[in-house]
Amino acid sequence: QESLVESGGGLVQPGGSLTLSCAVRGSTFSIYNADWYRQARDNERELVAEISTYGETTYADSVKGRFTISRNDARNLVYLQMNDLKPEDTARYYCHVSGARGRLAMLLELWGQGTQVTVSS
């Protein structure tokens, strides 16, 4: 069955950049909406960025102007470009998508296992 796999996390210095990728693994799946969440230790999971099926985007106030969410529907990929990273961005980042599977277009929501981003000098 379908699953999500995030990649691209790692250790970066403040002011640096990273690009996270979210890949849908499986067949016959079309992404409707996609989101990136993050969760730091002792914090609740928070919505970072969202992109609709029409390409409309929404960002958390803390990342506006620094992060960009995008999608490649032909390859079932979702990206999060992160610029000017700050220590406060340190968290585990999770991809979430909703979409449809098969000829019956069965609605489905998927969560990835997350990728760690650490911003430190």
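All values derive from a computational prediction rather than experimental measurement.
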Query - Main-chain N/O of Ser52 paired to Arg71 side chain as donor or acceptor, under 3.5 Å - result: yes
Report task. Indicate if Leu80 and Leu77 have the same hydrophobic cluster label, given that clusters are the connected sets of ILVMFWY residues with side-chain heavy-atom separations under 4.5 angstrom. Result -> no
**Report entry** Atom pair CZ/CE of Phe29 and Met106 - distance to nearest 0.5 Å
**Finding:** 12.0 Å
Query raised in the report: Which heavy-atom pair separates Tyr59 from Thr68 by the least distance, and what is that distance?
Result: OH-CA, 3.4 Å
Query - Residue pair Ser121 / Pro14: nearest heavy atoms and the distance that separates them - result: N-CD, 3.6 Å
Query - Check ion pair Asp89-Lys86 (N to O, under 4.0 angstrom) - result: no
Query raised in the report: Going through the checks in order, is the side-chain contact (heavy atoms from CB on, under 4.5 Å) test met by Gln116 and Thr90?
Result: CA-CA 8 Å; Gln116 180 68 33; Thr90 296; 4.1 Å; yes
Report task. Can you measure from CG (Leu85) to CZ (Phe67) and round to the nearest 0.5 angstrom? Result -> 5.0 Å
Requested in this report: Check whether any side-chain N or O of Arg92 sits under 3.5 Å from a backbone N or O of Gln113 as a donor-acceptor pair, and report yes or no.
Outcome: yes
Query raised in the report: Looking at CG of Leu20 and CH2 of Trp36, how far apart are the two atoms once the value is rounded to the nearest 0.5 Å?
Result: 4.5 Å
**Report entry** Minimum side-chain heavy-atom gap Arg38-Val63 below 4.5 Å
**Finding:** yes
Query raised in the report: What residues form a side chain to side chain donor-acceptor pair (under 3.5 Å) with Ser17, not counting sequence neighbours?
Result: Asn83
Query - Which atom of Asp35 lies closest to which atom of Glu50, heavy atoms considered - result: OD1-CG, 2.6 Å
Report summary line: In short, Gly8 meets Leu18 closest at the heavy-atom pair O-CD2, 3.8 Å
**Report entry** Flag side-chain contact, heavy atom, 4.5 Å: Val97 against Asn76
**Finding:** no
Requested in this report: Going by the side chain to side chain contact (heavy atoms under 4.5 Å, CB included) test, name the single residue among Thr58, Asn33, Ile69 that passes it with Ile51.
Outcome: Ile69
**Report entry** With Tyr79 via ring-ring contact (aromatic ring centres under 6.0 Å, His included) - residues at least two apart
**Finding:** none
Query raised in the report: From Leu4 CG over to Ile31 CD1, what is the distance, rounded to the nearest 0.5 angstrom?
Result: 7.5 Å
Report task. Report yes if some heavy atom in the side chain of Val119 is under 4.5 Å from a heavy atom in the side chain of Val117; otherwise report no. Result -> yes
Query raised in the report: Angle class for the Tyr94/Trp111 ring planes (parallel below 30°, perpendicular above 60°, tilted otherwise)?
Result: perpendicular
Query raised in the report: Nearest heavy-atom pair of Thr28 and Glu2: which atoms, and what distance?
Result: O-OE2, 4.1 Å
Requested in this report: In sequence, state the C-alpha distance, the side-chain angles, and the governing distance for Asp73 and Ser30, and then conclude on side-chain contact (heavy atoms from CB on, under 4.5 Å).
Outcome: CA-CA 7 Å; Asp73 290 339; Ser30 297; over 6 Å; no
**Report entry** Side chain Gln39, main chain Ala91, donor-acceptor under 3.5 Å
**Finding:** no
Query - Hydrophobic cluster membership, Tyr93 vs Tyr37, 4.5 Å side-chain cutoff - result: no
**Report entry** Distance-minimising heavy-atom pair for Ser98 and Glu109
**Finding:** CB-CG, 4.1 Å
Query raised in the report: Can you check whether Thr115's main-chain N or O pairs, donor with acceptor, with Glu6's side chain at less than 3.5 Å?
Result: no
